[in-house]
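These notes are about the structure you will find just below.
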Amino acid sequence: MCSSERWKEDLYNEVFQSRLEYLGKRKGKDPSFDLGVMEKILDAEYRKQDLAWSGKSPIQEITEAATIAAYEHFKAQWSGK
């Protein structure tokens with residue numbers, strides 16, 4: 001990867017990891033946070049990603065993609081898939 005494009009990968013990885021940490025902490029501390037709530041949050045992230053599809057900055061697009069990927073990953077681990 002070109003070094004001028006490396007920031008994109010770094011941002012994606014940073015957002016992905018931070019979202020996983022957030023979800024893990026929330027699951028451990030919030031008894032109302034269950035798989036149903038997790039799915040609602042994920043649905044909201046997908047809707048947010050679909051809004052204003054033109055005009056988003058690369059940072060916004062990368063952040064949204066990494067967030068959704070982290071939520072999907074967490075959900076799959078939680079549900080045992």
Give the table of side-chain donor-acceptor pairs shorter than 3.5 Å for residues 21-29, with sequence neighbours excluded, one pair per line with atom names and distance.
residue	atom	partner	partner atom	Å
Y22	OH	R26	NH1	3.2
R26	NE	D30	OD2	3.3

- Query: Could you give all pairs that pass the side-chain hydrogen bond (donor to acceptor under 3.5 Å, both in side chains) test and reach residues 11-20, with sequence neighbours left out?
  - Reply: R19-T67
- Can you check side-chain contact (heavy atoms from CB on, under 4.5 Å) on I62 and W7, steps first, answer last? CA-CA 10 Å; I62 293 165; W7 70 269; 4.0 Å; yes
- Would you confirm whether K75, through its side chain, and A70, through its main-chain N or O, come within 3.5 Å as a donor-acceptor pair? no
- Message: Tell me the closest heavy-atom pair linking V15 and T63, and the distance in Å.
- Response: CG1-O, 3.7 Å
- ring-ring contact (aromatic ring centres under 6.0 Å, His included) against Y46, all qualifying residues, sequence neighbours excluded: none
- One should read off an interatomic distance between M38 CE and K40 NZ, to the nearest 0.5 angstrom, of 13.5 Å
- Message: Return the CD1 to NE2 distance between I68 and H73, rounded to the nearest 0.5 Å.
- Response: 15.5 Å
- Is it the case that more than 12 heavy atoms not belonging to L35 sit under 6.0 Å from its CG atom? yes
- Tell me, please, which residues at least two apart from D10 pass salt bridge (Lys or Arg N to Asp or Glu O under 4.0 Å). R6
- Message: Using modelled atom types and a 3.5 Å cut-off, is there a donor and acceptor pairing between side-chain atoms of Q77 and backbone atoms of F74?
- Response: no
- Look at the side chain of K56 and the backbone N and O of L51, then say whether any donor-acceptor pair between them is shorter than 3.5 Å. yes
- Message: Using the ring centroid of each side chain, check whether W78 and Y71 are separated by less than 6.0 Å.
- Response: no
